[in-house]
Amino acid sequence: MIFIAVRFTVRPEHADTWLDRVADFTRATREEPGNLFFDWSRSVEDPNRYVLLEAFADAEAGAAHVASEHFRAGLEAMGAAIAATPEIINVEVPQQGWGAMAELAR
């Protein structure tokens, strides 16, 4: 699985409408056959910061995502509202999707 975490710092005037701005991109990505998850979170400490956690089944699915029209449109929509270059972690992990947390298993 390809796991990606991206941290976005959004200009204050766009912070409250960020999820609306990325809604089409989010919907289209979640519909991709190789997408495992695509989840946004807003920082509780900085209302101008969002984190995107996403995963794709394999490198081919990730490449298809980056080559898609909705990816290009999403970058355009986000680019107009960010305050800084996003930070990213992109790694390959030997599992598919989320696993159970052993320390809090029920």
Side-chain angles (χ1 to χ4, degrees):
M1 162 178 87
I2 305 300
F3 174 76
I4 303 163
V6 188
R7 194 162 46 183
F8 294 87
T9 301
V10 179
R11 293 194 330 239
E13 65 269 24
H14 297 290
D16 288 337
T17 58
W18 179 257
L19 294 177
D20 292 331
R21 177 177 291 272
V22 299
D24 290 340
F25 175 51
T26 299
R27 190 176 312 104
T29 301
R30 288 176 176 166
E31 292 173 357
E32 292 176 23
N35 179 255
L36 301 176
F37 56 85
F38 195 85
D39 298 327
W40 291 97
S41 297
R42 191 173 190 180
S43 172
V44 296
E45 296 173 354
D46 180 352
N48 301 324
R49 179 164 287 166
Y50 285 85
V51 173
L52 172 62
L53 299 180
E54 57 186 306
F56 297 90
D58 51 34
E60 293 78 21
H65 170 64
V66 172
S68 71
E69 176 59 36
H70 59 268
F71 181 83
R72 200 165 31 257
L75 291 181
E76 194 172 311
M78 291 184 285
I82 59 173
T85 302
E87 301 167 290
I88 189 169
I89 298 169
N90 184 329
V91 295
E92 189 169 338
V93 295
Q95 69 186 52
Q96 289 293 304
W98 294 93
M101 183 179 169
E103 296 83 359
L104 288 176
R106 290 187 156 191

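Quantities reported herein were computed from a predicted structural model and do not represent experimental measurements.
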Nearest 0.5 angstrom please: [X] [atom1] to [Y] [atom2], how far?
X: Ile89; Y: Arg7; atom1: CD1; atom2: CZ; result: 7.5 Å
X: Tyr50; Y: Arg21; atom1: OH; atom2: CZ; result: 11.0 Å
X: Glu54; Y: Phe3; atom1: CD; atom2: CZ; result: 9.0 Å

Does [X] share a hydrophobic cluster with [Y], counting links as ILVMFWY side-chain heavy atoms below 4.5 Å and allowing steps through other members?
X: Ile88; Y: Val22; answer: yes
X: Ile4; Y: Val91; answer: no
X: Leu52; Y: Phe37; answer: no
X: Phe38; Y: Trp98; answer: no

Legend entry - Presence of salt bridge, Arg30 and Asp39, under 4.0 angstrom: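 A salt bridge links Asp39 with Arg30.
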Legend entry - Over 12 foreign heavy atoms within 6.0 Å of CD, Glu76: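 Not more than 12 within 6.0 Å, no.
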State whether the side chain of [X] and the backbone N or O of [Y] hold a donor-acceptor pair below 3.5 Å, judged by distance alone.
X: Asp58; Y: Ile2; value: no
X: Ser68; Y: Phe71; value: yes
X: Arg11; Y: Ala80; value: yes
X: Gln95; Y: Met1; value: no

What are the two closest heavy atoms between [X] and [Y], and how far apart are they?
X: Ala61; Y: Glu32; value: O-OE1, 4.3 Å
X: Ala81; Y: Trp18; value: CB-CZ3, 3.8 Å
X: Ala5; Y: Leu53; value: CB-CD2, 3.7 Å
X: Asp46; Y: Ser43; value: N-OG, 2.9 Å
X: Asn48; Y: Ala15; value: OD1-CB, 3.3 Å
X: Val6; Y: Pro86; value: CG1-CB, 3.8 Å

Legend entry - Ring centres under 6.0 angstrom apart (Phe8, Trp40):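 Here the rings of Trp40 and Phe8 have centres that are less than 6.0 Å from each other.
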Legend entry - Validation row: Thr29, His70 side chains within 4.5 angstrom (heavy atoms):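 Yes; the side chains approach each other to less than 4.5 Å.
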Inset, instruction - Indicate yes or no: at least one non-hydrogen side-chain atom of Asp16 is less than 4.5 angstrom from one of Arg42. - result: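 Counting from C-beta outward, Asp16 and Arg42 do come under 4.5 Å.
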